[in-house]
Amino acid sequence: MSLQFYNTLTRKKDVFVPLDPTNVRMYVCGPTVYDRPHIGNARSVVVYDVLYRLLMQVYGKEHVTYVRNITDVDDKINAAAKANGEPISALTKRIEGWFHEDIGALGVLPATTAITGKETPEQVKGCMGEPHATHHIAHMIDLIEKLIANGHAYVSQGHVLFAVDSYSEYGQLSGRKLDDLIAGARIEVESYKRHPGDFVLWKPAEEGDDASSVFESPWGAGRPGWHIECSAMSNAYLGGQFDIHGGGADLMFPHHENEIAQSRCAQSINGAGTTFANYWVHNGFLTVGGEKMSKSLGNFTTVKELLDKGIKGEVIRLALLSTKYSEPLDWNDKMVHDAKVTLDKWYRSIATVDSHAAVNHDFITTLSDDLNFPKAISVMHTASPAELLAMGRLMGFFDQTAENWFRGGADSGDAHNIENLVNQRIEAKKSKNWTEADRIRKELADQGIILEDRPDGTTDWRKT
Ligand code: AMP
Ligand code: ZN
């Protein structure tokens, strides 16, 4: 079985060869916890969740380590906490809870965290499979010290900066050149930077900063830059070299470019001898009317808003997986409607399955070809019910029974009353009391219950 991914670093589809097939390692940039996740954020999480499931299928569950961090120290967090008038720790805790709630509803598995022994038990306990930036400040300081010692970073006006011109391969991932960075520096370059492309590794605390975002360091009290957070967390759990690094296409530059520069240069002079991550995977944007969905543009829909409208998590998941992961996905109501129709059809099909089939080999081959979701879904449309169940499970679907799916949303008390009415109607039909049968149908319809009479005389019901 050979997996292949489009690798942003080599700009071609590469056959995936893990450094160690008994421990395949993947790092994906997780959320900055300052606001409820929107469906653009969810796309990234769901795409890598399928990749994680595929890796476990191919290499074995015990042989994959997936780290998805929580960025809980960042300028955006400070700004949001200030705007809300709440402490930073309260904000980040609340948003992280929402993140887990929302991605859980989309059937996303928790990430794994390999324990390196560097973590205290309290830190590990607080992880939930996801490292927090605030738990790795010492590691970040350690990397920054190495960068200064190696001549790749300098201290200036209370800041520590990475010197981009000290690393000859800077720009390798995004294809940007240092000269373009100079030309592209539209705004006045901060006086503490030697080169416009230099980026912050550590910044000084400001007057009035919430104490929970201020950390002691050899360069004074302050907080880390965003990029060094991911370099530290990937290093802590996956080591200096690992297999796959993922994230949204917006992170390619500067975030991932800077992660590469820091991680490679901290390990050796000019990065020689280390590759950091070998395969760089980027998911395309979720767009609305062709424009990237983002907090700043205000064109976003949160996962929670959709769930509250009664759209099921699996419907959102299927809609998010309906196109090629690397292409833009323009979100619209039709896509959601089609996903619902498909899942209704699939659940009707698997309702009759009582045995487990292994996942079809061709299906794994299809997914292994740069995560070809559209082709995988088209194969599912023609699969036998038992095969469909196995394929769907691999893609993160069918975590409930068909019965629950069609009756979704009804609590057991509700369901009991509905069952009673359905049975009364069946009795009324048997005694040819059509008026009563129709009255019951209407009573249920008013509660949003749709009945489907079957040829064998039984009646199925579901919520609209
Ligand atoms: P953020 O919380 O803004 O740092 O984003 C978290 C993750 O969501 C990152 O991997 C982003 O690349 C990704 N992301 C943000 N907006 C979108 C979008 N519109 N489409 C796809 N991915 C996105
Ligand atoms: Zn990152």
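When a ligand or atom number is given, it counts from 1 through the structure's own listing order.
- When ring centroids are compared, H152 and Y170 stay outside the 6.0 Å threshold.
- By the 3.5 Å distance cut-off applied to N or O atoms, L286 is counted among the residues near ligand 1.
- Looking only at atom types and distance, the side chain of K193 has no donor-acceptor partner in the side chain of H159 under 3.5 Å away.
- N278 pairs with exactly one of L19, L9, I244 by the side chain to side chain contact (heavy atoms under 4.5 Å, CB included) rule, that one being L19.
- For ligand 1, one of its N or O atoms has an N or O atom of G40 under 3.5 Å away.
- Considering backbone and side-chain atoms alike, G247 places every N or O at 3.5 Å or more from each N or O of ligand 1.
- Residue C230: an N/O/S atom is found under 2.8 Å from the Zn ion (ligand 2).
- With a heavy-atom cut-off of 4.0 Å, V28 does not touch ligand 1 at all.
- In this structure, W202 and W219 have tilted ring planes: the angle between them lies in the 30° to 60° band.
- Distance check for C29 against the Zn ion (ligand 2): an N/O/S atom falls below 2.8 Å.
- Applying ring-ring contact (aromatic ring centres under 6.0 Å, His included) to H256 and the options F276, W280, Y27, W226 leaves one that passes, W280.
- Proximity annotation for atom 7 (C) of ligand 1: of D74, N41, V288, V45, N41 comes nearest, heavy atoms only.
- When heavy-atom distances to ligand 1 are checked against a 4.0 Å cut-off, K295 has no atom that comes that close, whether in backbone or side chain.
- Side-chain N/O atoms of Y192 and D198 include no donor and acceptor closer than 3.5 Å.
- At a 4.0 Å heavy-atom cut-off, ligand 1 touches D250 through the side chain alone.
- Between T32 and ligand 1, an N or O atom pair is found at a separation short of 3.5 Å.
- Where the criterion is an N or O separation shorter than 3.5 Å, residue side chain and backbone included, S294 fails it with respect to ligand 1.
- Looking at D74 and T32, their side chains never bring a donor and an acceptor atom within 3.5 Å of each other.
- When only interatomic distances are considered, the shortest N/O to N/O separation between Y34 and ligand 1 does not fall below 3.5 Å.
- When only interatomic distances are considered, the shortest N/O to N/O separation between G248 and ligand 1 falls below 3.5 Å.
- For the residues C29, A42, S44, the heavy atom positioned nearest atom 13 (C) of ligand 1 is part of S44.
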